Peer 1: 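Before anything else, here's the structure in question.
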Protein chains: 2
Amino acid sequence: MEHITIKDIAKALNLSTSTVSRALRGSHEINPDTKRSVMEYAEKFNYQPNPIALSLKENKSRSIGVIVPEIDNPFFSQAINGIEDIAYNKGYQVVIFQSHESYEREVINTQHITSRRVDGLLISLSGQTTNVEHLKNLHDKGLPIVLFDRISDEIDTHKVISDNFEGSFNGTEHLIKTGRKRIAHIAASPHLSISKERVKGYLAALAKHNIPVDESLLKYCNYGLQDIEFVIDQLFSNETPPDAIFTASDRLALGCLSTLKKRNIKVPEDIALIGFTNLKVAALLAPSLSTIVQPALDMGKRSAELLFDLIENTSKLPKSYRTFKLYTELIVRNSSVMKSDEE
Amino acid sequence: MEHITIKDIAKALNLSTSTVSRALRGSHEINPDTKRSVMEYAEKFNYQPNPIALSLKENKSRSIGVIVPEIDNPFFSQAINGIEDIAYNKGYQVVIFQSHESYEREVINTQHITSRRVDGLLISLSGQTTNVEHLKNLHDKGLPIVLFDRISDEIDTHKVISDNFEGSFNGTEHLIKTGRKRIAHIAASPHLSISKERVKGYLAALAKHNIPVDESLLKYCNYGLQDIEFVIDQLFSNETPPDAIFTASDRLALGCLSTLKKRNIKVPEDIALIGFTNLKVAALLAPSLSTIVQPALDMGKRSAELLFDLIENTSKLPKSYRTFKLYTELIVRNSSVMKSDEE
DNA sequence: TTGTATGCGTTATCAC
DNA sequence: GTGATAACGCATACAA
């Protein structure tokens, strides 16, 4: 892969590299003729400045790192879509890493990230992560970081989340209002901020409607299909099984739907189902599933925008960091069932 | 984001940068004591070599570019998962671009890719792409390229695909053998290699079983949900609607399932459905959908491995390029229905 | 207006 | 065994 350099142009045109550089950069302190001839030559031989040389010089890479638990998760792939969108417009490249829900892998990834000299980091924590020293260190060293979705209180930076409490509260209350009495909640890893908030919302809705909490209806679940099958079988081995399930994520909703089908438990006839999902999954699952829609794409975009704000203003200190809550939207489906329940 | 350099170490230890460099690289022509003290200092202050400087020197970036139509598509996100896996082990970073099924965007992305000096390119063509000069150019300039899934005959390089013809043939034949007479096929963009191969397989299966081709049952469809709804409504406005639908991708299968549900057409009671999907989607949709499973993860891994082969052997010419076909797997579900149909 | 010199971080090539 | 120097591609302070 050969590339033409400024030096080549200079040689060909009998100029110095600095003159060529100036011409290319559109400097005004240059002879219009020289400029034109340089531009023509550059055009003709498809000159493209070497970004690596620039990076070395300016000590920045024009790339941002993104660490997500799994790329192959509808929520995160859609968030990355949004991130890529913003980065593309800013002329940055997006470098992807997966933690695979492993704390160790996340730590290793943060090391790679810094050794790669990315200009900023977007991260959603792994389900195993309880200690965030690895991120604190980076942040203390001045790396702009934005946390999204799965955040930690211990890091003082911008964060973007959806309104997990409210979404969870609304979803649970919807189930209550449609007559459900035994509402199970399947949450993701108990370490995650999103899990905690969603459980809070679930409990708050039950409390508001004076429904006693049954601990056996609150399950934490990994993302594997076996895990969710196990959890659902547990729920249904209960003396009085749930009449509704509220799941905390895309994957759990999908897994739940599939397991229920396997077990021949009909949704929504036998059991009501509502899930936190991103917009695309919600659309695809319509109309069998009511959903609390998380703005995955927007979360990606918003996070990236905030990160670029930080990157482009690293000089301006001190910053005041904020946590941005994006609205969730409750989409109610199976209206026929709703009606019968509402009587 | 401050980083310690070789120069810093040299200054601190009263050595020259070359000595430090040698010590760090584990050269043998060096005093063991010097080496140890350098290593200790580097360890203590967490020295990390600057990959950008390395890149400039070696004229390679230790990164590979990946261009996919949409990250947020289960097939591609899983393929990227595989790519990331291999790249991670090789110590390469993965830079992601989306063409958004747009030819123009794809061309622009290839320009970005080269300007970024990636060491290789993995690409799956956009649905609009018919002209591949932009890739030919890069390839002629010596950039290692591997095409996967959506390929073009016009580029002479390694390619990795699933056995689209066979998968399609088997899926269609399965529908025929279970008694279906009017089998519709919903394909993706007609420009795509995968579409062509799958249509061929579909037609071949019909031909083998002496089923006349009904042009009105063969539809090409974009990925938007509106598009698929439109197509399905078209199919069912037919005087004699289909009794089976064979869809050509994850997205089409999901969209089809969702639309049929919306229209209150029951699967598999009213209509049999079979789709090309990746493993995870197949698992999630079980047991409602029989699937021709494409090895998305493996395709990502295999493509990345081949790309690294090319990257690491750029000196060895000439190469003989190959097209690797990965097996698809037919997973038959709804066995109860099958039985009744098989009688 | 243009050219020369320097530096970004690293390693390779030469000297000593 | 160690150090000085050049080079990768570019931008810029300074000199002309």
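Not measured: the values here are computed from a predicted model.
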Peer 1: Which atom pairs, one a donor and one an acceptor, fall under 3.5 Å between side chains of residues 46-56 of chain A and the rest of the protein, sequence neighbours left out?
Peer 2:
residue	atom	partner	partner atom	Å
A/Gln48	OE1	B/Thr114	OG1	3.3
A/Asn50	OD1	A/Ile52	N	2.7
A/Asn50	OD1	A/Ala53	N	3.4
A/Ser55	OG	A/Pro51	O	2.9
A/Ser55	OG	A/Lys60	O	3.0

Peer 1: Got a sec? Which of residues 49-61 of chain B come in under 4.0 Å of DNA chain D, heavy atoms?
Peer 2: B/Leu56, B/Lys57
Peer 1: Applying ring pair (Phe, Tyr, Trp, His ring centres under 6.0 Å), name anything that partners A/His191, two or more places apart in sequence or on another chain.
Peer 2: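 Applying ring pair (Phe, Tyr, Trp, His ring centres under 6.0 Å) to A/His191 gives none.
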Peer 1: Between which nucleotides of DNA chain C, read 5' to 3', does contact with chain A run, using atoms under 4.0 Å from its heavy atoms?
Peer 2: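 That gives a stretch of C/dT1 to C/dG9.
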Peer 1: Only counting residues at least two apart or in another chain, list the ones meeting side chain to side chain donor-acceptor pair (under 3.5 Å) with B/Asn14.
Peer 2: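 Partners of B/Asn14 under the side chain to side chain donor-acceptor pair (under 3.5 Å) test: none.
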Peer 1: Looking at B/His139 versus B/Tyr321, is the centre-to-centre ring distance below 6.0 Å?
Peer 2: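 Yes, ring centres under 6.0 Å apart.
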Peer 1: Taking side-chain hydrogen bond (donor to acceptor under 3.5 Å, both in side chains) as the cut-off, I'd like each qualifying pair that reaches into residues 75-84 of chain A, sequence neighbours left out, listed once.
Peer 2: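 Every pair satisfying side-chain hydrogen bond (donor to acceptor under 3.5 Å, both in side chains) with a residue in residues 75-84 of chain A: A/Ser77-B/Asp72, A/Asn81-B/Gln98, A/Glu84-B/Gln98.
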Peer 1: Extract, from 5' to 3' on DNA chain D, the first and final nucleotides lying under 4.0 angstrom from some heavy atom of chain B.
Peer 2: D/dG1 to D/dG9
Peer 1: Return each pair, listed once, that meets salt bridge (charged side-chain N to carboxylate O under 4.0 Å, His left out) where at least one residue sits in residues 10-28 of chain A; pairs must be two or more places apart or across chains.
Peer 2: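 Residue pairs with at least one partner in residues 10-28 of chain A: there are none.
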Peer 1: Which residues, if any, of residues 4-22 of chain A bring a heavy atom under 4.0 Å of DNA chain C?
Peer 2: A/Asn14, A/Leu15, A/Ser16, A/Ser18, A/Thr19, A/Arg22
Peer 1: Run the side chain to side chain donor-acceptor pair (under 3.5 Å) test against B/Asp119 and tell me which residues pass, sequence neighbours left out.
Peer 2: B/Ser61
Peer 1: Identify, with sequence neighbours excluded, every residue that meets salt bridge (Lys or Arg N to Asp or Glu O under 4.0 Å) alongside B/Glu154.
Peer 2: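 Testing B/Glu154 for salt bridge (Lys or Arg N to Asp or Glu O under 4.0 Å), a comparison that skips the adjacent residues, returns B/Lys136.
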Peer 1: Pull out every residue in residues 31-41 of chain B that has a heavy atom closer than 4.0 Å to any atom of DNA chain D, ordered by number, or say none.
Peer 2: B/Asn31, B/Thr34
